[in-house]
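A short worksheet on the structure shown next.
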2 protein chains.
Amino acid sequence: MWSALADPNRRAILHLLLEGPRPVGELSEACDLSQPSTSKHLRVLREAGLVRVIPDAQRRLYALEPAPMAELDAWLAPYRRLWNSSLDALGRHLDAVDAEQHDGGPAQRRRSDEQKGTGKP
Amino acid sequence: MWSALADPNRRAILHLLLEGPRPVGELSEACDLSQPSTSKHLRVLREAGLVRVIPDAQRRLYALEPAPMAELDAWLAPYRRLWNSSLDALGRHLDAVDAEQHDGGPAQRRRSDEQKGTGKP
DNA sequence: CGTTCATATTCTCGAACAGGTATATTCGCT
DNA sequence: AGCGAATATACCTGTTCGAGAATATGAACG
């Protein structure tokens, strides 16, 4: 997933998909990429699980897949404490989530975080 | 910065640095990397602004630089909205969205997605 | 001053990657 | 069925990347 996000064009595609599903041609035009290049980038994004494809006649609509972003957020969480160690609600909330995953504490808010192993033990 | 984060070894280094500044040798040993390789990765991380160096005699302590993580978080912010709404009612809404995108049915999840004219009716 | 430890840099090689062109596939339309 | 639009794949090419070996810098210490 990280290598998929490493490319600026792919991030641009994701940014466009933020506004809703789009066909390849539109992404290609908006990102100023050739159509084959766009298709290849979309393939990488799809194999990384970042987007999913919705077949629509001869078109293929691509849509964001939110799950990997949650994974990214989970990775970022420990670092978030660093850059702003004194957040009002957010930081405490995240700390709570972190603690919850360790001691099984008040698990009432984001219990859907425990989806699959991130491959990063 | 993204390309710096794309490498698993570099992410491992950052993960180690979470526990505090460390000299190169320690990182090298912990990540099972050769010393030159570690130095090269650290150079990339440094040029990406992700770590900073603290010279200490003939040693060089590397420490996390929190700022770029904030940048990452800012980039992630728009997507966070997405997965939050998805996690909210995971299974049912995914099915609903799926159906909606096939028959153009009740667009209940589209709160503020269609803000800009995509030029694609 | 020379030795040794810790780190950085250079070089080279093989693999991976991005972009371009040409071609294949699939669906809708007439 | 055949044509055309939309998308995917294959092939080629120049570039980048990461690992490894050899070497250079630089500081402590005898």
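Treat the numbers as computed from the prediction; the structure is a model and nothing was measured.
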| request: Whole angstrom is fine here: how far is it from CD1 in A:Ile54 over to P in D:dA6? | output: 19 Å

| message | Base, sugar-phosphate or nothing for A:Pro36? Non-hydrogen atoms, less than 4.0 Å. | response | base

| query | Starting at NE2 of B:His41 and ending at C1' of D:dA19, how long is that distance when rounded to a whole Å? | reply | 8 Å

| Rounded distance (Å) that lies between atom C1' of C:dA18 and atom CD of A:Gln35 | 15 Å

| query | Atom CZ of B:Arg46 and atom P of C:dT7: how far apart are they, to the nearest Å? | reply | 13 Å

| message | Within the 4.0 Å heavy-atom criterion, would you say A:Ser39 contacts the bases, only the backbone, or no part of the nucleic acid? | response | base

| Considering only heavy atoms and no angle criterion, is a donor-acceptor pair shorter than 3.5 Å present between the side chain of A:Lys40 and the base of C:dG19? | yes

| message | Between P on D:dT16 and CD on B:Glu47, what's the gap in Å once rounded to a whole number? | response | 15 Å

| field | side-chain N/O B:Ser34 vs D:dA19 OP1/OP2, d < 4.0 Å | value | no

| task | Can you tell me the distance, in whole Å, between the CZ atom of A:Arg60 and the C1' atom of C:dT26? | result | 8 Å

| query | Counting heavy atoms not belonging to B:Arg46, are there more than 12 under 6.0 Å from its CZ? | reply | yes

| Given C:dA6, is OP1 or OP2 found less than 4.0 Å from the side-chain N or O atoms of B:Tyr62? | no

| request: Tell me which of B:Glu26 and A:Gln58 sits closer to the 5' end of DNA chain C, going by the nucleotide each one is nearest to. | output: B:Glu26

| query | B:Leu14 versus B:Leu18: any side-chain heavy-atom pair under 4.5 Å? | reply | no

| query | Atom CG of A:Leu33 and atom P of C:dG20: how far apart are they, to the nearest Å? | reply | 8 Å

| To the nearest Å, how far apart are B:Leu42 CG and C:dT7 C1'? | 10 Å

| task | With DNA chain C as reference, determine whether B:Arg43 or B:Arg59 sits nearer its 5' end, using the nearest nucleotide of each. | result | B:Arg59

| query | Distance-only, no hydrogens or angles: does the B:Arg11 side chain make a donor-acceptor pair with backbone N or O of B:Ala6 under 3.5 Å? | reply | yes

| Main-chain N/O of B:Ala4 paired to B:Arg10 side chain as donor or acceptor, under 3.5 Å | yes

| query | Aromatic rings B:Trp75 and B:Trp2: how do their planes relate, parallel, tilted or perpendicular, breaks at 30° and 60°? | reply | perpendicular

